[in-house]
Amino acid sequence: MDTEADLFYRQLPKVELHAHLNGSVSFETMETLMKRKPHLNIEHSMTAIRRGQRRSLDECFQVFKVIHQLVDSEEDILMVAKAVIQDFAADGVKYLELRSTPREVTETGLTKQRYIETVLEAIRQCKQEEVDIDVRFLVAVDRRHGPVVAMETVKLAEDFLLSSDGVVVGLDLSGDPTVGHGKDLLSALENAKNCGLKLALHLSEVPSQRDESELLLNLPPDRIGHGTFLHPEVGGSDSLVDKVCKQNIPIEMCLTSNVKGQTVPSYDKHHFQYWYKRGHPCVLCTDDKGVFCTDLSQEYQLAASTFGLTREAVWMLSQQAIGYTFAPEPIKQRLEKKWAELKQQILQKHFGLMQTIADIQQDHKMRTHFDLMQTIADIQQLQIYSWVTKSEAAEPLYLISVLMTVALVWQPNEEFVFSGLRVKAPTRASRGQSCELRQGSTPVCLRELPLMLLPPSLWASQHKRSGAPTATHLSLMKIVEVPPSGPCVTGRDVGRV
Ligand SMILES: CNc1ncnc2c1ncn2[C@@H]1O[C@H](COP(=O)(O)O)[C@@H](O)[C@H]1O
C-alpha cells in the first residue's frame, strides 16, 4: 500500500540520466522474455538481485550476460526498450537518457546498426503514443571489448548523432571496471568529444581506477558515472576531487546499485553525502532498475531518508538535474517550465497540511490556557481530525504534529486515545519538554515535538538512537491530504482514556 511519502516521490517529476537499457528490464517484461525462450531455463533469480540481497560486482556482470541471452533480436529490443521507457514514465520520470551497448548476434541477424535503430524506433513509437517522457540515447562503449571496438562504436555513434534528429546525444563508457584500462580507450573518447558527442563516463567505480580517472578527467567528461572512489576518504585523492570540482562535472549517483553491488558498504556510507555536502552537482539515478529491483522514486526516497533531505531539498535535487542533461537548451527550458508548473501542484499540496499545523502551533504560544481549551474546538472546526483517517498515507511527521497539537491543548498529564495510540499530554507545553506517546503498552518518547515538525528521516534516526520503535511502527496511523472538496469533521478517533 502506498504511503503519502510514496505518492510524493512518485509524483515528483524526475530526470533519469544513468540507466542501462538491459539492466532496466522489469520483472513483468522479463517474464515475457522468459516465456519466449523457455529452452534457456532462465529464472528470475538469475536476472535480478532482490531486496536484502547483495552480490559482488563480478556477479552483477554475470547477470547481464544472462539478460543478453534473453534480449538478442530486434523484436526483443523493441519490446524491452518500449517497456523500459513506459516504466520510467509511469514512475514520474519526465526526461530520460537511456544508454545501451550495441550488440551483434549472428543467429538472429542483429547488427549494431540495427540495434541502435531499433532502440530509436522504440523511442519514436513511445513519442507517437504520447508517453509523457522525453527520451534521448547514449551509445555505450563496453570497456571489455578494447580500443578497436571502442573506435567503431564511436563512429557509429557519430553517424547517429548526425542522423537521429537530436535523439542520440552522447557516448557512455561502461562495462566491468576491473577489465582493461582507460588509456587504451582515450583516442576513441577524444574522437567522440571532437565530433560533438557528450561524454558520460563510468569513473572510479572500483578502487583500482585512480590513475585511469586522473587521465580521463583531463578530457574532461561531461558527466561522471558513480565516481565512488574519487575522494581521498575512500582511497581516491585530493587531486581527483579538485579536478572534478574545478570542472564542475556532475556525478550520477546510484545508491541501491552501489550497495547491492557492494562497492559501498551501506546507504549511509554512500559518497552522495560527500559530494552533496560540498554543493557539488549530483544526480540520483537507478543504473539498472531491473537488476537491482528499484526505481527512481525509491532512490530519491532512500536518499532523503538516509541523508535527512527535506522535501524542498529533494525538489531542488530533481530540478537541478535538468541542467545536467545533454538536452539542447530549448528542451531544458521546457523541462524547467514543467517543473515550475508541477511545483505548485505537488510540493505545495504535500506541504499544505504541515503549514497549517505549524500556524496553529504558532498560535498556541500566544494564547491563554482558556484559549487553548477553546482551540480544541477550533481544531475540530479546522477539521484536522478528518485528515487523520484510515487511508494509506502515513507520514509520521504529520501524525506527530497533529498529535502534539491536540496534546498541547489537553490538560497536563491527561491521556487520550488517538487512532489506537495512547497519548499523554506534556506536563508543560514548552519547547524541549518531552512528551510520552504509547503504542499499546510500549512508550514512545519523542523530544521537542510540540514546536517542531520532524522529518521522517530525522525521526527514524532519533529512534535508532533512543532504541524506540521505528517509524513504520507508527505508520499505522494514517493521514491523508485535505480533500479538494474540503474535509468533514469526524473526530471519532479521539477520546479520553
Ligand atoms: C553495476 N554497474 C555497472 N558498471 C559498469 N557497467 C555497467 C553497470 N551496469 C550495467 N553496465 C553495462 O551495461 C550493460 C547492460 O546494459 P546494455 O546491454 O548496455 O543495455 C552491461 O553489460 C554493462 O556493460
Side-chain angles (χ1 to χ4, degrees), residues 16-26 29-30 33 47-49 54-73 76-85 88 96-105 110 112 115-116 118-120 122-123 135 137-146 149-150 153 156-157 170-180 182 185 200-206 208-209 212-213 216 223-229 251-264 285-294 299:
E16 168 65 81
L17 299 182
H18 189 129
H20 299 272
L21 175 60
N22 286 297
S24 303
V25 186
S26 70
T29 311
M30 232 13 130
L33 290 164
T47 61
I49 305 166
R54 304 270 193 278
R55 295 276 192 281
S56 67
L57 205 54
D58 189 46
E59 285 167 324
C60 294
F61 285 104
Q62 298 306 319
V63 173
F64 296 121
K65 281 193 188 145
V66 176
I67 298 172
H68 285 160
Q69 284 180 274
L70 285 167
V71 185
D72 69 349
S73 66
D76 296 335
I77 292 161
L78 186 69
M79 181 189 74
V80 161
K82 281 190 77 178
V84 165
I85 292 168
F88 276 114
L96 163 68
E97 275 173 24
L98 202 55
R99 54 185 80 188
S100 193
T101 326
R103 270 179 294 138
E104 55 196 9
V105 181
L110 183 67
K112 291 185 181 182
Y115 187 104
I116 299 177
T118 309
V119 176
L120 298 185
I123 296 172
V135 188
F137 187 60
L138 309 182
V139 178
V141 168
D142 187 333
R143 51 185 296 138
R144 289 167 293 192
H145 299 152
V149 174
T153 310
L156 204 54
L171 192 89
D172 155 65
L173 172 65
S174 54
D176 187 342
T178 60
V179 179
L185 308 170
L201 308 184
H202 283 60
L203 279 196
S204 287
E205 193 179 357
V206 292
S208 58
Q209 290 179 296
E212 178 184 295
S213 293
L216 296 185
R223 285 199 313 255
I224 293 170
H226 302 294
T228 315
F229 295 94
I251 308 181
E252 303 151 356
M253 308 268 185
C254 313
L255 272 67
T256 299
S257 160
N258 297 156
V259 170
K260 287 194 170 180
Q262 297 189 55
T263 50
V264 168
C285 304
T286 52
D287 204 5
D288 302 286
K289 72 173 180 62
V291 171
F292 297 114
C293 303
T294 187
E299 295 301 298

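By convention here, the first residue in the shown sequence is residue 1. Just follow the structure's listing: the first ligand is 1, and inside any ligand the first atom is 1.
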* Asked: Which of the numbered atoms in ligand 1 are below 4.0 angstrom from a heavy atom of Asp287?
  -> 1 (C), 2 (N), 9 (N)
* With no hydrogens and no angle check, is any side-chain donor or acceptor of Asp176 less than 3.5 Å from a backbone partner on Thr178? -> yes
* Numbering as shown, the atoms of ligand 1 that approach His202 to under 4.0 Å (heavy-atom distance) -> 4 (N), 5 (C), 6 (N)
* What part of Arg103, side chain, backbone, both or neither, has a heavy atom within less than 4.0 angstrom of ligand 1? -> neither
* Asked: How does Ser100 reach ligand 1, by side chain, by backbone, by both or by neither, if only non-hydrogen atoms under 4.0 Å count?
  -> both
* Asked: Side chains of Asp288 and Lys260: closer than 4.5 Å at any heavy-atom pair?
  -> no
* Asked: Is there side-chain contact between Phe292 and Thr286, with at least one heavy-atom pair below 4.5 Å?
  -> no
* Asked: For the atom pair CG (Asn22) and CG (Leu98), what is the distance rounded to the nearest 0.5 Å?
  -> 9.0 Å
* Quick one: does His202's side chain get under 4.5 Å of Asp172's, heavy atoms only? -> yes
* Asked: Judged by non-hydrogen atoms, does His68 sit under 4.0 Å from ligand 1?
  -> yes
* Is Ser257 in polar range of ligand 1, meaning some N or O pair under 3.5 Å apart? -> no
* Out of Val119, Leu21, Val135, Val80, which one pairs with Ile85 under the side-chain contact (heavy atoms from CB on, under 4.5 Å) rule? -> Val135
Throw together a table of side-chain donor-acceptor distances under 3.5 angstrom for residues 57-68, partners on residues two or more places apart or in other chains.
residue : atom : partner : partner atom : Å
Glu59   : OE1  : Ser56   : N            : 2.8
Glu59   : OE1  : Ser56   : OG           : 3.3
His68   : ND1  : Phe64   : O            : 3.4

* Please identify which atoms of ligand 1 are closer than 4.0 Å to at least one heavy atom of Asp288. => 1 (C), 8 (C), 9 (N), 10 (C)
* To do: Could you pull out all residues at least two apart from Thr118 that satisfy side-chain contact (heavy atoms from CB on, under 4.5 Å)?
  => Glu74, Ile77, Leu78, Arg114
* To do: List the closest protein heavy-atom neighbour of atom 6 (N) of ligand 1: residue, atom name, distance to the nearest 0.1 Å.
  => Gly175 N, 3.0 Å
* Looking only at heavy atoms of Arg144, does any of them come nearer than 4.0 Å to an atom of ligand 1? -> yes
* Asked: Which part of Leu21 is near ligand 1, with near meaning a heavy atom under 4.0 Å away: side chain, backbone, both or neither?
  -> both
* For atom 19 (O) of ligand 1, which candidate among Asp176, Val291, Thr101, Val71 provides the closest heavy atom? -> Thr101
* Asked: Charged N to carboxylate O under 4.0 angstrom, Glu212 versus Arg143?
  -> yes
* Please work out which of Phe64, Phe61, Tyr115 has its closest non-hydrogen atom nearest to atom 10 (C) of ligand 1. => Phe64
* Enter the distance from Asp72:CG to Arg103:CZ here, rounded to the nearest 0.5 Å. => 7.0 Å
* Structure fact -> Short version for Asn22: what comes under 4.0 Å of ligand 1, heavy atoms counted, is both
* Would you mind listing which atoms of ligand 1 come within a distance below 4.0 Å of any non-hydrogen atom of Asp142? => 24 (O)
* Asked: Judged by atom type as modelled, is there a donor-acceptor pair below 3.5 Å linking the side chain of Lys289 to the main-chain atoms of Ser24?
  -> yes
* To do: Just let me know how Ile67 lines up against ligand 1, side chain, backbone, both or neither, with a heavy-atom cut-off below 4.0 Å.
  => neither
* What protein heavy atom sits nearest atom 2 (N) of ligand 1, and how far off is it? -> Glu205 OE2, 2.8 Å
* Asked: Identify the closest protein heavy atom to atom 13 (O) of ligand 1: which residue and atom is it, and at what distance?
  -> His20 ND1, 3.0 Å
